[in-house]
Amino acid sequence: MAGKKTKELTYTLPEEFHVFGFSSDLLAWYDSQKRDLPWRINRDPYRVWVSEIMLQQTRVETVKPYYANFMEKFPTIGALAEAPEDEVLKAWEGLGYYSRARNLQTAAREVQARYGGVVPDSPEEIATLKGVGPYTAGAILSIAYEKAEPAVDGNVMRVFSRLLYLTDDIAKPATRIKIEHLVRQVIPHGRAGDFNQALMELGAMVCVPRTPQCLTCPVFDYCMARQEGVQEDLPIKGKAKPPRPIHLQVGVIMKEGKVLINKRPETGLLAGMWEFPMVETDVERDAAKQEVLANGIRERFGIDIEVIDMLGDVQHTFSHLQWNMQVRSCDWIDGEELPPHARFVEIDELDTYTFPGAHHKIRDLMQKRNESAR
DNA sequence: AACTCGTGGGC
DNA sequence: TGCCCAAGAGT
């Protein structure tokens, strides 16, 4: 039978895999060993939803304080839907991936308008909500509504790669689809939410990326990678491209004790966040960098400045970009008309605006300079 | 499918 | 120190 290997076959569990034993052993471990996490005190769909959005690509310990603050400020879908966007972004400040916050509020308004304030419980409807992708849809449906849907995140892909000795590259989208098919065949009836969380808990506590704790693993007996001794070589994951370097001139521009800040565009990197004005330079060519800064500020803000001195270098690396910033203190000289996205504000008022991490580093540099000046 | 979109921790 | 990683989604 040549050519018997169909796609369907690759999505089927090995015959020797004992589904029932695996699921019940994993659930028994989860029942006794699971962490007490703030979003596990009940199965309220909104609480589950917020936690899942915050946990996207973000560690549990990082999320905890943000989650507590967010649920206090926006305790219901209605509260989130009616809140000013600035307040939502401020509550997200420092968490990263800020489109999550905007999408969450957009989706909350959608739930209010179209679903009477109730998070929908069907795969088709919940998938239409902004920021709710395949993983989050499955997580909410299973945890809050006990629907037998897979919730395949990085943990689950790692666990299944080892469990079934899968050599697919987990960085490729097709691999997640395949693992969703496999997980779907293992979800125990009536405990989908706990089962999905148990898979993730196992990946976070035992089946960790480096040096997995196989000797304490509750599903050691089922693991094909462990039987072959290759658990440390799985999962297979293609390497990410290194971040692209960008060189920026940053101006801390003062006018009568106030400092100039700029609101970034509503789309793209750090959308809608505030920043210190900056100008991109070609490091190979721009020898006279302070002139590049002054000219760029004049073009974009319509004011003339004088560069006073160098405050220092600040580097900030994103997943795909590396900002190399030279920060200079400047004084306003001339020009009154600012564009609508820019304004001079008191130093003490900076806290009322939402700045991303890269600009907090610049603020730290400012404050250090101010202290040493005294 | 490949690229965009943050941040902080751990080894 | 540099690199990988962490409960991904949108385009």
Side-chain angles (χ1 to χ4, degrees), chain A residues 34-35 37-40 47-67 89 92-104 106-107 126-144 150-159 169-177 179-180 183 193 195-205 207-212 235 237-244 246 264-273 275 315-323 354-361:
Chain A
K34 69 181 174 187
R35 291 169 289 179
L37 298 175
W39 41 90
R40 286 180 176 165
R47 292 181 59 85
V48 173
W49 181 14
V50 172
S51 75
E52 293 301 342
I53 299 297
M54 282 193 174
L55 286 163
Q56 289 170 5
Q57 298 289 285
T58 310
R59 293 181 136 74
V60 165
E61 291 308 314
T62 303
V63 165
K64 279 181 180 175
Y66 282 92
Y67 183 76
L89 269 183
W92 213 269
E93 183 178 34
L95 253 191
Y97 287 141
Y98 299 99
S99 66
R100 291 183 294 175
R102 301 181 158 215
N103 289 338
L104 179 59
T106 299
I126 202 168
T128 67
L129 298 176
K130 288 279 189 274
V132 177
Y135 162 75
T136 305
I140 299 173
L141 290 171
S142 62
I143 298 171
V152 176
D153 71 337
N155 285 311
V156 178
M157 287 198 283
R158 182 174 58 258
V159 168
D169 183 353
I170 64 168
K172 295 188 179 302
T175 303
R176 196 205 74 242
I177 307 286
I179 294 179
E180 283 174 348
V183 171
F195 180 75
N196 282 335
Q197 292 187 86
L199 283 178
M200 293 187 274
E201 194 85 349
L202 187 73
M205 307 301 293
C207 196
V208 292
R210 281 172 292 207
T211 320
K237 186 175 183 181
K239 283 176 184 165
K241 278 183 19 178
R244 177 174 83 256
I246 289 181
R264 295 177 62 88
E266 298 302 311
T267 59
L269 181 67
L270 306 174
M273 317 268 309
E275 66 178 6
Q315 189 176 84
H316 190 82
T317 304
F318 303 86
S319 38
H320 60 301
L321 289 178
Q322 184 185 61
W323 279 5
T354 306
F355 290 87
H359 292 273
H360 280 291
K361 293 180 181 175

For Arg176(A) and Asp153(A), indicate whether the former's side chain and the latter's backbone hold a donor-acceptor pair under 3.5 Å.
no
Expressed as a whole number of Å, how far does the P atom of dC5(B) sit from that of dA6(C)?
23 Å
Give Trp39(A) one of three labels, base, sugar-phosphate or nothing, depending on what nucleic acid heavy atoms sit under 4.0 Å from its own.
base
Counting the atoms with a prime plus P, OP1 and OP2 as sugar-phosphate, which does Arg264(A) contact under 4.0 Å by heavy atoms, base, sugar-phosphate, or nothing?
nothing
Between Lys361(A) and Lys172(A), which is nearer to the 5' end of DNA chain B once each is assigned its nearest nucleotide?
Lys172(A)
Donor-acceptor contact below 3.5 Å, side chain Arg100(A) vs main chain Gly131(A):
no
Just call it for Leu37(A): base, sugar-phosphate, or nothing, with non-hydrogen atoms closer than 4.0 Å on any strand.
base
Whole angstrom is fine here: how far is it from CE in Met200(A) over to P in dA6(C)?
14 Å
Touch class at under 4.0 angstrom, heavy-atom based, for Gly203(A) against every strand present:
nothing
With a non-hydrogen cut-off below 4.0 angstrom, is Val132(A) in contact with a base, only sugar-phosphate, or nothing?
sugar-phosphate
Taking the side chain as every heavy atom from C-beta outward, state whether Trp92(A) and Met54(A) have any atom pair closer than 4.5 Å.
yes
note: Tyr97(A), atom OH; dG10(C), atom C1'; distance rounded to Å ~ 12 Å
On a whole-Å scale, what distance lies between the P atoms belonging to dG6(B) and dT11(C)?
14 Å
In this structure, how many angstroms lie between the P atom of dG10(C) and the CD atom of Glu266(A), rounded?
19 Å
Under a plain distance cut-off of 3.5 Å, with no hydrogens placed, do Tyr135(A) and Glu52(A) share a side-chain donor-acceptor pair?
yes
When you compare the side chain of Val60(A) with that of Trp39(A), does any pair of heavy atoms fall below 4.5 Å?
yes
Have a look at Thr58(A) and say if it touches a base, only the backbone sugar-phosphate, or nothing, with a 4.0 Å heavy-atom cut-off.
base
How long is the line joining CZ of Arg102(A) and C1' of dG10(C), in whole Å?
14 Å
Going through the distances and angles, do Val152(A) and Met157(A) end up as a side chain to side chain contact (heavy atoms under 4.5 Å, CB included)?
CA-CA 7 Å; Val152(A) 176; Met157(A) 287 198 283; 3.5 Å; yes
Rounded interatomic separation in angstrom, taking CD1 from Ile177(A) and C1' from dA9(C):
13 Å
Write down the distance between OH (Tyr67(A)) and C1' (dA6(C)), rounded to a whole number of angstrom.
18 Å
Considering only heavy atoms of chain A and a distance under 4.0 Å, specify the first and last nucleotide of DNA chain B in 5' to 3' order that meet this criterion.
dA1(B) to dG8(B)
With the threshold set at under 4.0 Å for non-hydrogen atoms, list the residues of residues 49-57 of chain A touching DNA chain B in residue-number order.
Gln57(A)
Counting any heavy atom closer than 4.0 Å, what does Thr62(A) reach on the DNA or RNA strands: base, sugar-phosphate only, or nothing?
nothing
Would you give the length of the straight line joining atom CD1 of Ile53(A) to atom CD1 of Ile140(A), rounded to the nearest 0.5 angstrom?
6.0 Å
In whole angstrom, what separates Ile170(A)'s CD1 from dC4(C)'s P?
13 Å
Please classify the nucleic acid contact of Arg158(A) as base, sugar-phosphate, or nothing, using heavy-atom distances under 4.0 Å.
sugar-phosphate
Distance check needed: dG8(C) P versus Arg59(A) CZ, whole Å only.
11 Å
Nearest-nucleotide wise, let me know which of Phe318(A) and Lys241(A) is further upstream toward the 5' end of DNA chain B.
Lys241(A)
Let me know which of Arg40(A), Lys34(A), Arg35(A) forms a side-chain hydrogen bond (donor to acceptor under 3.5 Å, both in side chains) with Gln197(A).
Arg40(A)
Polar side chain donor-acceptor pair, Lys361(A) to His316(A), under 3.5 angstrom:
yes
Could you go step by step and tell me if Asp169(A) and Lys172(A) meet the side chain to side chain contact (heavy atoms under 4.5 Å, CB included) rule?
CA-CA 6 Å; Asp169(A) 183 353; Lys172(A) 295 188 179 302; 4.0 Å; yes
